[in-house]
Engineer: 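Dumping the structure here so I can ask a few things about it.
Since the model is a prediction, treat every value here as computed from it, not as a measurement. Whatever order the structure lists ligands and atoms in, that order sets their numbers, starting from 1.
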Amino acid sequence: MAHIVFEQVTKQYDNGFVAVKDLNLDIGEDEFLVLVGPSGCGKTTSLRMLAGLEDSSSGHIYIDGQRVNEKSPRDRDIAMVFQSYALYPHMSVFENMAFSLQLQGTAKDEIHQRVQAAATQLGIEQLLDRKPKQLSGGQRQRVAVGRAIVRDPAAFLMDEPLSNLDAKLRVQARAELSKLHKKLGTTFIYVTHDQVEAMTMGSRIAVMNQGILQQVDTPQNLYDQPNNVFVAGFMGSPAMNFFDAVLKPDDNDLWIDAGALRLPVPETLRSRYQPHIGTPLILGIRPENIYNPKFAPPGVNPLAVEATVSVVEMMGHEEIVYLTLPDGSEFLARIDPRSRFTAGASIQVLFDMNRFHLFDKASEHVLA
Ligand code: ATP
């Protein structure tokens with residue numbers, strides 16, 4: 001178990017490109033922290049700096065209170081699982097898993113016992129004599145994890161370890177890694193660009209964009225209370241709908257005016273939004289917070305909106321409906337599959353007014 005801290009860590013590559021800027025992140029012992037963000041946002045660079053495979057340009061990295069910036073990778077007591085798995089093709093599974101222990105000079109009996117224990121834990125004990133090329137993708141992935149487990153590290157760093165698996169296997173491997181984390185009780189830091197992996201596995205998620213940490217929180221809090229437009233749009237699929245909007249007073253009420261959408265601000269939020277009257281804003285509503293009136297669940301604070309259906313994607317358990325407002329703006333709704341909407345139909349949907357988000361258009365931050 002390791003307590004890991006990034007303090008003002010920046011990485012500027014030799015060509016001047018800043019891949020990670022002022023990263024501050026405190027990762028608790030035995031936490032499963034997922035670093036998520038689009039391709040090129042600096043996730044791998046952050047992980048490699050922690051592993052010691054990349055120097056940081058400034059800032060401090062601490063493992064269990066000790067600054068490790070100058071420590072070599074082997075002295076950091078962490079194991080990394082790569083996207084490519086990086087198994088040695090000429091070695092058997094056993095030899096691949098035993099290799100790091102042999103380098104450390106561990107006694108033969110202990111190596112045997114540790115490899116066997118890790119293999120049993122991962123259900124690959126029958127594969128120990130095989131070469132990597134004789135394994136399926138899922139089995140290779142387990143060997144890569146097994147190779148990390150035998151070292152009994154204080155933390156596991158994983159860089160997109162499931163991206164080579166097919167969709168079904170990925171779901172299974174996700175659950176296996178979560179179970180493994182609980183069993184080992186060790187710190188996991190896991191890099192992915194897949195927000196579903198992040199939501200399903202992370203005890204906390206750190207969202208990055210363009211080298212900058214955007215928000216760190218539990219999956220539910222990130223989803224419910226995104227700090228900014230980027231996090232709101234990145235977490236959740238299909239993505240949150242956004243509309244240009246402005247707050248307008250009317251008699252004693254406050255309204256969100258978003259073109260063809262006109263929404264009253266619930267009374268509890270009025271004093272919070274009052275100072276932003278007239279400022280350009282962005283209104284966000286998730287597709288799952290829009291309902292067919294026939295199937296709206298209890299507890300929804302409904303606002304009826306007229307729209308035209310342009311496309312319907314039937315998913316079996318839901319319909320993804322592409323809708324157009326009279327002013328031409330488009331949005332998506334995840335609707336009850338019994339709706340059977342058809343393209344071209346004029347329909348009414350309900351927006352749940354308990355579940356909208358308002359952001360400042362200039363800063364893209366959520367309204368304070
Ligand atoms: P991906 O999901 O595609 O792996 P990532 O978030 O892990 O992306 P990084 O690999 O950390 O991204 O790269 C961050 C940025 O730094 C990218 O724009 C990349 O092109 C750049 N970068 C990476 N390595 C170098 C290097 N050696 N020199 C210059 N720029 C680099």
Side-chain angles (χ1 to χ4, degrees), residues 4-25 27 31-61 63 68-69 72-73 76 78-87 137 140-141 144-145 148 155-167 169-170 173-174 177 187-202 204-217 219 222 226-237 239 364:
I4 291 164
V5 176
F6 287 85
E7 195 179 285
Q8 290 291 110
V9 175
T10 291
K11 173 68 187 183
Q12 182 167 27
Y13 282 110
D14 293 342
N15 64 358
F17 183 77
V18 179
V20 177
K21 193 166 180 349
D22 296 334
L23 176 63
N24 289 302
L25 195 52
I27 305 159
E31 206 176 343
F32 195 138
L33 182 105
V34 179
L35 259 179
V36 71
S39 184
C41 71
K43 312 177 291 285
T44 298
T45 302
S46 305
L47 212 60
R48 288 174 60 82
M49 286 192 286
L50 173 57
L53 301 172
E54 201 75 71
D55 290 333
S56 42
S57 312
S58 60
H60 313 280
I61 299 175
I63 299 178
V68 296
N69 292 52
S72 73
R76 296 190 187 197
I78 48 190
M80 191 145 167
V81 179
F82 297 94
Q83 178 177 357
S84 63
Y85 310 146
L87 300 178
R140 268 181 231 157
Q141 184 264 328
V145 172
F156 286 87
L157 311 189
M158 302 194 174
D159 192 354
E160 309 240 11
L162 308 185
S163 56
N164 295 330
L165 306 182
D166 67 42
L169 210 50
R170 221 164 35 221
R174 238 163 46 196
L177 281 182
T187 316
F188 276 39
I189 305 180
Y190 185 101
V191 158
T192 180
H193 62 271
D194 179 346
Q195 53 95 21
V196 178
E197 274 183 18
M199 287 296 285
T200 50
M201 295 200 290
R204 274 193 315 156
I205 302 173
V207 186
M208 287 185 83
N209 188 33
Q210 298 185 341
I212 295 172
L213 181 64
Q214 305 287 313
Q215 189 172 357
V216 193
D217 214 326
L222 272 186
N227 271 348
N228 60 33
V229 172
F230 178 81
V231 175
F234 192 77
M235 304 304 291
S237 177
E364 300 203 342

Engineer: Could you see which bit of K43 sits under 4.0 Å from ligand 1, with heavy atoms only: side chain, backbone, both or neither?
Structural biologist: both
Engineer: Give the atoms of ligand 1, by number and element, whose distance to some non-hydrogen atom of G40 is under 4.0 Å.
Structural biologist: 1 (P), 3 (O), 5 (P), 6 (O), 8 (O), 12 (O), 14 (C), 15 (C), 17 (C), 18 (O)
Engineer: In the protein, which heavy atom is nearest to atom 26 (C) of ligand 1, and how far is it?
Structural biologist: Y13 CD2, 3.3 Å
Engineer: Provide the number and element of each atom of ligand 1 under 4.0 Å from a heavy atom of T44.
Structural biologist: 4 (O), 5 (P), 7 (O), 10 (O), 11 (O)
Engineer: Which of the atoms of ligand 1 are close to N15, meaning less than 4.0 Å from one of its heavy atoms?
Structural biologist: 29 (C)
Engineer: Distance-only, no hydrogens or angles: does the T192 side chain make a donor-acceptor pair with backbone N or O of D194 under 3.5 Å?
Structural biologist: yes
Engineer: Strictly by modelled atom types, are E160 and H193 linked by a side-chain donor-acceptor pair under 3.5 Å?
Structural biologist: yes
Engineer: Near C41, which atoms of ligand 1 are under 4.0 Å from a heavy atom of that residue?
Structural biologist: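 In order of numbering, the contacting atoms are 5 (P), 6 (O), 12 (O).
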Engineer: With a 6.0 Å cut-off (strictly less than), is the heavy-atom count around CD of Q210, excluding the residue itself, greater than 12?
Structural biologist: no
Engineer: As an exercise, identify every atom of ligand 1 less than 4.0 angstrom from a heavy atom of G42.
Structural biologist: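 Within the 4.0 Å cut-off of G42, ligand 1 contributes 5 (P), 6 (O), 11 (O), 12 (O), 14 (C).
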Engineer: Is the centre of the F230 ring less than 6.0 Å from the centre of the F234 ring?
Structural biologist: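 For F230 and F234, the ring centres are under 6.0 Å apart.
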Engineer: Less than 4.0 Å from atom 19 (C) of ligand 1, is there any heavy atom belonging to the protein?
Structural biologist: no
Engineer: Which atoms of ligand 1 are found less than 4.0 Å from any heavy atom of T45?
Structural biologist: 9 (P), 11 (O), 13 (O), 14 (C)
Engineer: Considering the options D22, N24, L23, L25, which one meets the side-chain contact (heavy atoms from CB on, under 4.5 Å) requirement together with E7?
Structural biologist: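 One option only clears the test, and that one is N24.
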Engineer: With no hydrogens and no angle check, do the side chains of T187 and E31 hold a donor and an acceptor under 3.5 Å apart?
Structural biologist: no
Engineer: At under 4.0 Å between heavy atoms, is it the side chain or the backbone of E160 that contacts ligand 1, or both, or neither?
Structural biologist: side chain
Engineer: Would you check if there is a donor-acceptor pair between the side chains of N228 and Q214 at a distance under 3.5 Å?
Structural biologist: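 Distance-only check passes for Q214 and N228.
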Engineer: How about P161 and Y190: do any of their side-chain heavy atoms sit closer than 4.5 Å?
Structural biologist: yes
Engineer: As an exercise, identify every atom of ligand 1 less than 4.0 angstrom from a heavy atom of A19.
Structural biologist: 14 (C), 15 (C), 16 (O)
Engineer: Hey, does S39 come in under 3.5 Å of ligand 1, counting only N/O atoms on both sides?
Structural biologist: yes
